[in-house]
Amino acid sequence: MVQQQATFSIWRGDSAGGKTVDYTAEVSEGMVVLDAVHQIQATQANDLACRWNCKAGKCGSCSAEINGMPRLMCMTRLNDLDLTQPVTVEPMRAFPPVRDLVTDVSWNFRVKKKIKKFKPRKPDNPDGSWHMLQGDIDRVQEFRKCIECFLCQDVCHVLREHQMYEEFIGPRYFVYTAALEMHPLDTEDRLPELKQSQGAGLCNITKCCTKVCPENIHITDNAIIPLKERIVDRYYDPLKKLFRMFRPKSEG
Amino acid sequence: MPEYAAHEYDVLIVGAGGAGLRAAIEASAAGVSVGLVCKSLLGKAHTVMAEGGIAAAMGNVDDRDNWRVHFADTMRGGQYVNNWRMAELHAREAPDRVRELEAWGAVFDRTNDGRILQRNFGGHRYPRLAHVGDRTGLELIRTLQDHGIHQGMDVHMECTIVSLLKEGDRVVGAFAYEREHGRFKLFRAKAVVLATGGIGRAYKITSNSWEGTGDGHSLAYHAGAELIDMEFVQFHPTGMVWPPSVRGILVTEGVRGEGGVLRNKEGRRFMFDDIPENYRSQTADNEEEGWRYTQGDKNARRPPELLTRDHVARSIMREVKAGRGSPHGGVFLDISWIKERLKNGAEHIKKKLPSMYHQFKQLADIDITAEPMEVGPTTHYVMGGVRVESDTQMSNVPGLFAAGECAAGINGANRLGGNSLSDLLVFGKRAGEYAAKYAKENRLGEVSKAQIDEVARQALEPFERGGSGQGAFQVQHDLQEMMQDLVGIVRREDEMLQALDGLAKLWERARQVGAPGNRDYNPGWHTALDLTHLLTVSEAITRSALERKESRGGHFRDDFPNKDDAYATFNVVSQRGPDGEMQIRREPLKPIPAELKAIIKEMA
Ligand SMILES: Cc1cc2nc3c(=O)[nH]c(=O)nc-3n(C[C@H](O)[C@H](O)[C@H](O)COP(=O)(O)OP(=O)(O)OC[C@H]3O[C@@H](n4cnc5c(N)ncnc54)[C@H](O)[C@@H]3O)c2cc1C
Ligand code: SF4
Ligand code: SF4
Ligand code: FES
């Protein structure tokens, strides 16, 4: 086992401001950035704040910006980084800092609550169950892999640069809405607010969100673009509009 | 005079994993006000990590399955020291609880005819686990979360309960700090439900997250509740062993359910070498039959890799001790071999076990479709917990309920895989229902100022010592090492007595722990406050394990390696004595009714 040392420049601070502080950590085989943060926390800075739970890329707690890239700390291997340079570890920048690597992500939870919940059609069977084929749910299952790490929210310029928290729900919630809208059993209609108050039109398909998603969800191609198409079909396609006057909810 | 924000609820639920969320939904539905408190962000509780599936005898894949078979399997797995009534309720109600998830938006993998698909798992006679690939826990928690937030409950995220509050005998509230700024919160409630999960962090090698510090067990214990079965800790046979930083992270049993096999370094399928008597008639005696079972052949018996977890874990230990292990002290788990049997084998593995594929690829540089994994036992689950009344989930302390992993009874000496997620749903619902009922029948209690002052003072003590006190992380680390070495998978009286001495010293050190810095999101302080819980559960495990002088399920004694019928008649109870010392006693099992006994016999 090659034992070596590396320097980690970790942002320390709170809502009033802060700066990066350099720490040295012992590096051993297979280590990830979260291990280094924990080592520093246990031995040099007991009050260094970070979030984590699963340490295996399943819970989406440990999001941070590592050498400027939004990533999960628990899934970023040190041997994929250049350890001859200090590794910078900073909190997500699209959200207000709480302390050190912890940010205030509560906005995300408030946004979710505003999206209309799942509303199934009547059960197909007397025991309350439904008939659904695997082929009909594959795309919804892709969206439901989301671990709510909010890295896509962090990287999206509409939030990060333009701070449009009031008029835009962000890629995570387009994925969430797509999962509901494309759920074979769902009967709710979420297109009006998606178009009006949730800012689907503000996304200009840069695909930055897709690139950082640790679950490899095709956020733009599979969720956002189809939602945009549905909006276009409904609100801007005259023929379909006429057609819909007779069949209120035709997509599914 | 400590400052705090005060909140009042009919029902306060501590914990937002599967059990807590399900309880909160049920209590809200009953029309009472509900507060839900959790240490992490919503949706991040340990439940999110569950992989394999939810056990429920729906019979979608094999119509011979029904609640009676599930009941008998659960009792056999628990070596008959389970609370039979809970095992019965669980087996009967799990199918409805799973279907209900579908009504709330869950999207399970499907059978060819469009029903919920079920997979094989250790100790379950028929394919029984409803699942979504190997991320079932995520599906479960997200479904409950997304449904729950619309039911009117108040959620207090990143908020930790440090003590329950009492009026006389009755629990009437809880005291907490929020992580962000370390401010205190006082919750007054007519009923409190504990749903705090497990204790894995008492050990060095564990699949549990930082949250698994046994808070609910300890909060209940210090409020006068009885804990039972604390000697029964489940060591899951397959945790990652290499590289060191991922040691303990779980490798789902689903790998074996899909056809994965265990081999030693000589390439031998050692699980065929020792099949326990009570499982022999149900277990394949050749590799071919085992393979056919995993591929759904109803006439085949299950391969020995799918024997119960306690047995598989000990078999692995035996191979390692005999020098037949893998390079890093485990054994080999191979799923890649199924390519010999299935065309598109590699694609099949990625489809069925996507997060395992991902986990090994990213964390260990191993492609599980091409090479074997190295695995070894990891501390995974605690069968023991708060003793509850089977139908209502209320403890012996009025107003205090418990559900999920922190409650005990359903699993006996060993839990079957998949039975936890179903337990969370079945008994989470019941706890919510009966806590709401209790709340409607009782008034809000009074909390004395003296009580609040005292818990607040204790919570702030670590700051008085600051950086000059004992380091919390070091004490925690030393405890984990000690429990791993002395009260782990294989136990002996002399070692456990040594552990008791060690615990006394660690208690002493814990009283001297200091926290540098201030109250804002300070992990050093949080860890200092967790120590009481970790030490309490460690002591209960050790004392209960000393009391059970036999081997059964998750509890294995080197000095008493056999099962002893005399020990099949009671549960070991730990309770706080009048002098504050832990007391251990034996509680006889309730006699099992004839109908249930007949089911067990019929299925044997
Ligand atoms: C990797 C892994 C895979 C698993 N796979 C399966 C599987 O396939 N099938 C299966 O049936 N079981 C599985 N299990 C077991 C199962 O996941 C757990 O037993 C179950 O999720 C526990 O749920 P719970 O609701 O009781 O508690 P948890 O999900 O652990 O939630 C506990 C909650 O309590 C909160 N809490 C704790 N202490 C406090 C406090 N002091 N104050 C406030 N809040 C507190 C926590 O923040 C959290 O919200 C698995 C376990 C692991 C580790
Ligand atoms: S594709 Fe749209 S949502 Fe995604 S980052 Fe770009 S602008 Fe944001
Ligand atoms: S869509 Fe991907 S990046 Fe966005 S929150 Fe979900 S898992 Fe994270
Ligand atoms: S700790 Fe769970 S995703 Fe990193």
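The analysis underlying the following values was restricted to heavy atoms, covering all of them including side chains, and did not include hydrogens, waters or symmetry mates. Convention: sequence-line order gives letters A, B, ...; per-chain numbering from 1.
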Below 4.5 Å from any heavy atom of chain B, which atoms of [X] appear? Answer side chain, backbone, both or neither.
{"X": "A/Ile147", "result": "both"}
{"X": "A/Arg144", "result": "both"}
{"X": "A/Asn53", "result": "both"}
{"X": "A/Asp124", "result": "neither"}
{"X": "A/Lys119", "result": "neither"}

On a heavy-atom basis, the closest approach of A/Gly30 and B/Ser245 is O-OG, 3.1 Å
Compare every heavy atom of A/Trp52 with every heavy atom of B/Trp210, then report the nearest pair and how far apart it is. NE1-O, 2.6 Å
Between [options], which residue shows the highest count of heavy-atom pairs closer than 4.5 Å to chain A?
{"options": "B/Leu138, B/Leu363, B/Val48", "result": "B/Leu363"}
{"options": "B/Leu250, B/Leu42, B/Ile116", "result": "B/Leu42"}
{"options": "B/Gly517, B/Gly212, B/Ser40, B/Gly137", "result": "B/Ser40"}

What do the steps show when you test A/Glu148 against B/Arg142 for side chain to side chain contact (heavy atoms under 4.5 Å, CB included), and what is the final call? CA-CA 10 Å; A/Glu148 301 200 328; B/Arg142 199 68 82 233; 3.5 Å; yes
Audit row: A/Gln141, B/Asp109, side chain to side chain contact (heavy atoms under 4.5 Å, CB included) steps and yes/no: CA-CA 9 Å; A/Gln141 285 189 329; B/Asp109 288 354; 2.9 Å; yes
Considering only heavy atoms from C-beta outward, does the side chain of A/Val98 approach that of B/Arg179 to under 4.5 Å? no
Could you go through the side chain to side chain contact (heavy atoms under 4.5 Å, CB included) check for A/Phe109 and B/Met157 one step at a time? CA-CA 11 Å; A/Phe109 292 86; B/Met157 302 196 280; 3.7 Å; yes
Hey, are [X] and [Y] close enough for a salt bridge, meaning a charged N less than 4.0 Å from a carboxylate O?
{"X": "A/Lys117", "Y": "B/Asp146", "value": "no"}
{"X": "A/Arg99", "Y": "B/Glu180", "value": "no"}
{"X": "B/Arg110", "Y": "A/Asp136", "value": "no"}

Determine the sole option in B/Arg135, B/His358, B/Glu51 for which the side-chain contact (heavy atoms from CB on, under 4.5 Å) test with A/Lys58 is passed. B/Glu51
May I ask you to check if B/Lys44 and A/Phe150 form a cation-pi contact, with NZ or CZ under 6.0 angstrom from the six-membered ring centre and within 45° of the axis? yes
Contacting moiety of B/Thr527, where chain A heavy atoms sit under 4.5 Å: neither
Turns out that what part of B/Glu100 lies under 4.5 Å from chain A's heavy atoms comes down to neither
Check step by step if side chain to side chain contact (heavy atoms under 4.5 Å, CB included) holds for B/Arg115 and A/His131. CA-CA 6 Å; B/Arg115 297 188 290 165; A/His131 181 85; 5.6 Å; no
Pick from [options]: which one has the most heavy-atom pairs with chain B under 4.5 Å?
{"options": "A/Leu48, A/Asp138, A/Asn125, A/Asp127", "result": "A/Asp127"}
{"options": "A/Lys113, A/Met132, A/Lys145, A/Lys112", "result": "A/Met132"}
{"options": "A/Met31, A/Lys55, A/Gln134, A/His38", "result": "A/Gln134"}

CH2-CD distance between A/Trp130 and B/Glu102, expressed to the nearest 0.5 angstrom: 6.5 Å
